Protein chains: 2
Amino acid sequence: MVTYRSIKAEILDGIIRRRWAPGDLIPNEEDLARDYGCSRSTVNRALQELADLGILERRRKAGTRVAQRTSRGALIQIQIVRNEIEQSGRRYGYVLLERAEAWAGSETAALIDAPRGAALMHLRCLHLADGAPWQIEDRLISLAALPTAREVDFEALSPNEWLVTQVPYSRSEHIFSAEPASAEERERLRLRPDEPVFVIERRTWLAGQALTYVRLSHPGLAYRMISREDDLLAAPEA
Amino acid sequence: MVTYRSIKAEILDGIIRRRWAPGDLIPNEEDLARDYGCSRSTVNRALQELADLGILERRRKAGTRVAQRTSRGALIQIQIVRNEIEQSGRRYGYVLLERAEAWAGSETAALIDAPRGAALMHLRCLHLADGAPWQIEDRLISLAALPTAREVDFEALSPNEWLVTQVPYSRSEHIFSAEPASAEERERLRLRPDEPVFVIERRTWLAGQALTYVRLSHPGLAYRMISREDDLLAAPEA
DNA sequence: AAGTGGTCTAGACCACTTC
DNA sequence: AAGTGGTCTAGACCACTTT
């Protein structure tokens with residue numbers, strides 16, 4: 001039986017084994033359908049999924065070409081801190097360090113992408129793995145967008161967990177960097193002298209309105225962010 | 001006209017505005033098709049794409065549910081270094097520091113995931129932006145998998161560029177970390193005292209065979225890895 | 001003007017999962 | 001056993017792009 005999966009696999013194989021090089025035109029849907037003895041819809045689905053993966057480029061009338069691969073991306077999965085720690089078999093711990101409400105100055109307004117003077121909640125927390133410091137969470141929440149944040153007991157539930165489970169967003173931005181540790185980070189994360197921090201900054205919006213900004217800092221020597229991509233040639237069945 | 005895109009947008013809107021909360025069951029395809037006055041295939045495509053995005057979870061007989069969102073991932077685009085620099089309007093420079101062939105010892109074998117004793121090429125290069133050091137590329141290439149690497153003029157073309165444009169792979173792994181700078185990195189990247197490096201490590205394989213391992217280190221104070229996600233609610237037309 | 005992909009349809013059969 | 005999604009078909013019309 002010719003399935004869209006089998007067509008997808010064959011085309012992929014042809015690309016990887018250089019039957020078609022980047023930039024080459026592959027046959028049109030009608031021809032492929034005849035070759036494979038299936039309907040055009042089936043071919044269409046296979047090619048469309050390869051185009052979604054960035055492996056093919058398709059244009060009406062111009063046909064379907066193998067994309068000039070600049071290197072595929074890496075997909076980073078950012079989980080709820082608690083799950084990330086528990087899934088690696090360690091015990092999760094959490095401490096709220098600070099909770100305050102304030103109006104946005106020009107610096108904080110820029111961080112969270114809210115207007116100056118907007119009402120914000122500022123939270124600082126420490127997440128622990130097996131009792132050892134794992135991550136400092138330094139967060140701003142827009143109270144205009146999320147007034148219910150005022151009623152949440154952040155001593156019991158981390159803002160990270162509350163937001164991820166309760167607050168939908170439609171757009172996000174992530175920035176990753178390596179920074180020298182501040183004196184406070186050195187102390188709270190119990191860093192060695194000279195040990196840097198791995199920093200993740202994230203902003204989220206819902207329908208154009210800023211929701212939150214967070215800076216997550218991890219001990220540089222203990223933290224690695226890993227992304228594994230599935231093998232494109234691996235057959236689902238065998 | 002009811003299109004699969006409009007259905008996708010409506011369902012997404014319903015999820016984001018909490019008409020359905022995470023874990024909730026949404027109507028089955030047949031009912032939705034009747035509601036929208038379209039065929040089941042159209043509904044199917046909409047729901048399937050949302051499932052591919054990780055927003056819905058579907059199981060036969062059990063139906064379609066809103067996924068428990070752990071937070072969507074961040075997609076990192078890793079480009080050819082030269083393009084990355086030139087696209088930001090800076091002048092690109094490149095220097096080959098070292099080129100050698102060797103047999104894999106136990107450490108290098110583990111890095112590249114090749115057997116001990118495998119023939120490897122070792123390359124070290126420096127990439128510059130506007131004359132300032134931007135990245136050290138420290139690379140191992142498996143000569144068993146890529147014997148043609150021996151004939152490439154790496155004085156003229158960086159291994160990064162050669163591999164990305166010429167060598168297909170089917171699986172990859174990325175690791176990002178913050179590390180204290182070594183003495184050599186401090187010198188080559190002209191780092192300030194205490195400035196860490198942002199490190200990207202990447203391995204690639206083709207059909208199970210290891211191709212290459214690379215360690216890319218950037219000045220921590222100058223480098224930021226950024227990932228922006230499209231707004232899910234943004235309408236393609238208006 | 002003509003070629004190619006994009007999408008929809010109405011129906012069919014099947015595969016998987018729960019009841 | 002029955003409900004739900006997964007996939008295929010044959011055909012149709014349309015949208016976009018190039019010639």
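Owing to the predicted nature of the structure, the values given are computational and were not obtained by experimental measurement. We name chains A, B, ... by the order of the sequence lines, and we start the count at 1 in each one.
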Handout entry: Exercise: identify the closest heavy-atom pair between B/Ile112 and B/Ala210
Key = O-CB, 3.1 Å
Problem - Residues A/Arg5, A/Glu49: salt bridge by 4.0 Å N-O rule - result: no
Exercise for the section: Please list, chain by chain and in numerical order, all residues satisfying side chain to side chain contact (heavy atoms under 4.5 Å, CB included) with B/Glu30, sequence neighbours excluded. Expected result: B/Asn28
Handout entry: Short N-O contact, A/Glu57 and A/Arg65, less than 4.0 angstrom
Key = no
Problem - Consecutive-pair stems (at least three Watson-Crick or G-U pairs, under 3.5 Å) that include DNA chain C - result: C:1-18 with D:1-18
Practice task
Any chance you could list the contact pattern along nucleotides 3-9 of chain D? Use B for base contacts, S for sugar-phosphate-only contacts and - for none, protein heavy atoms under 4.0 Å, 5' to 3'.
Solution key: BBBBBSB
Exercise for the section: State whether A/Glu201 and A/Arg215 are salt-bridged, where the test is any N-O pair (Lys NZ or Arg NE/NH1/NH2 against Asp/Glu carboxylate O) under 4.0 Å. Expected result: no
Handout entry: A/Glu173 with A/Arg202: basic N within carboxylate O range, under 4.0 Å
Key = no
Practice task
Output yes when B/Glu29 and B/Arg40 qualify as a salt bridge under the 4.0 Å nitrogen-oxygen rule, no when they do not.
Solution key: yes
